[in-house]
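Sequence positions, counted from 1, serve as the residue numbers for this chain. Both counts, for ligands and for their atoms, begin at 1 and track the order of listing. Note that these values count all heavy atoms, side chains included, but never hydrogens, waters or copies made by symmetry.
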Amino acid sequence: MNISGETKIVGLIGNPIEHSISPPMHNAAFQESDLDFAYVTFKVEKADIEKALDGIRGLEIEGINVTIPHKSTVNKYLDEIEDTAEKIGAVNTIKRDGKKLKGFNTDGKGVLKTLRKEIGGIKNKNILLLGAGGAARAIGFTLAENGANLTISNRTESKAKELASEISKKTSNEVNQIPQNKKELRKAIRDSKILINSTSVGMYPNEGETLIESDSMHENLIVMDIVYNPLKTRLLEEAEKAGAKTIPGLRMLVHQGAASFKIWTGQEAPVKAMWEAAEEALKGR
Ligand code: ATR
């Protein structure tokens, strides 16, 4: 990478950010596309978020990804927020335009793009979404907005109920909710085309854990995990055992990154180069 006086800076604010695979993924994309951009990380404490956003304006940084713990707190310091990010209530990508900052959320788009590539459209498809945290919000809103028949199930049932009712209201697409027990999950999966895990279950160092086992799955199911470390989670192993199609979490990460790349550069992202760099970075951990 050649840093010159003309190099444009983009990056990531969050805490912790040391283990992020976004820098190798995005820098590979800039290199592949021959763009004079560099992606760096900025560790930002919660108390400093407003100053950090002013820094983007002052230093004329092109754009920023936002991660934990700032995704839902940056909103109030932005000048404009895209409609989907507004509904989700969280921003993971910021673009600077002059001294103005606009917020977007590409987390849900990452899942949508991945699913569209795998199975075409998701309209009227039955999707079971596990979880009701930040990731589930972004995915749930995006899928419901795009016409999926969504059912949400969460360990803490009250959170699933709240999220289902909020999405139903804001998207005019009725979202169901079921308790997270084996009997209910099995029944819902039998009627589903797609199962998405948006909880942290199965993430390193708890690789042995899964919310669903192969005996509850079927051959016509597509199973997607947002957990990408390990690359093949226990849930995806169980899905393979059942003969279901699997989509690893790294694919969503790459597609959300590709959507950020497009917002900043106006160009289509080189997804293959991003995938290879992300996979390599993950292996090197
Ligand atoms: P994120 O922003 O990554 O979604 P989060 O907001 O902390 O993180 O949400 C984590 C999700 O994983 C929640 O849905 C959580 O369920 P609860 O709402 O009941 O806490 C889910 N989760 C975490 N550990 C779990 C476990 N062992 N079993 C079932 N669900 C779990």
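Within a 6.0 Å radius of NZ in Lys232, no more than 12 heavy atoms belonging to other residues, nucleotides or ligands are found. Residue-environment remark: CD (Gln31) stays at or below the threshold of 12 foreign heavy atoms within 6.0 Å.
At least one side-chain heavy atom of Ile21 sits less than 4.5 Å from a side-chain heavy atom of Leu250. Residues Thr151 and Gln177 have side chains not in contact (no heavy-atom distance under 4.5 Å, counting atoms from C-beta outward).
Note on Lys76 versus Glu50: no salt bridge recorded, every NZ/NE/NH1/NH2 to OD/OE distance being 4.0 Å or above.
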Between side-chain atoms of residues 200-207 and protein atoms elsewhere (two or more places apart, or another chain), which donor-acceptor pairs fall under 3.5 Å?
none

In a simple table, one pair per line, please give the protein and ligand 1 atom names for every N or O pair closer than 3.5 Å, along with the distance.
unit_1, atom_1, unit_2, atom_2, d
ligand 1, 2 (O), Gly134, N, 3.3
ligand 1, 4 (O), Gly134, N, 3.1
ligand 1, 4 (O), Ala135, N, 3.0
ligand 1, 6 (O), Gly134, N, 3.2
ligand 1, 14 (O), Ala132, N, 3.0
ligand 1, 14 (O), Asn154, OD1, 2.7
ligand 1, 16 (O), Asn154, OD1, 3.2
ligand 1, 18 (O), Asn154, ND2, 2.8
ligand 1, 18 (O), Lys159, NZ, 2.7
ligand 1, 19 (O), Arg155, NE, 3.1
ligand 1, 19 (O), Thr156, N, 2.9
ligand 1, 19 (O), Thr156, OG1, 2.5
ligand 1, 20 (O), Arg155, NH2, 2.9
ligand 1, 27 (N), Arg155, NH1, 3.4

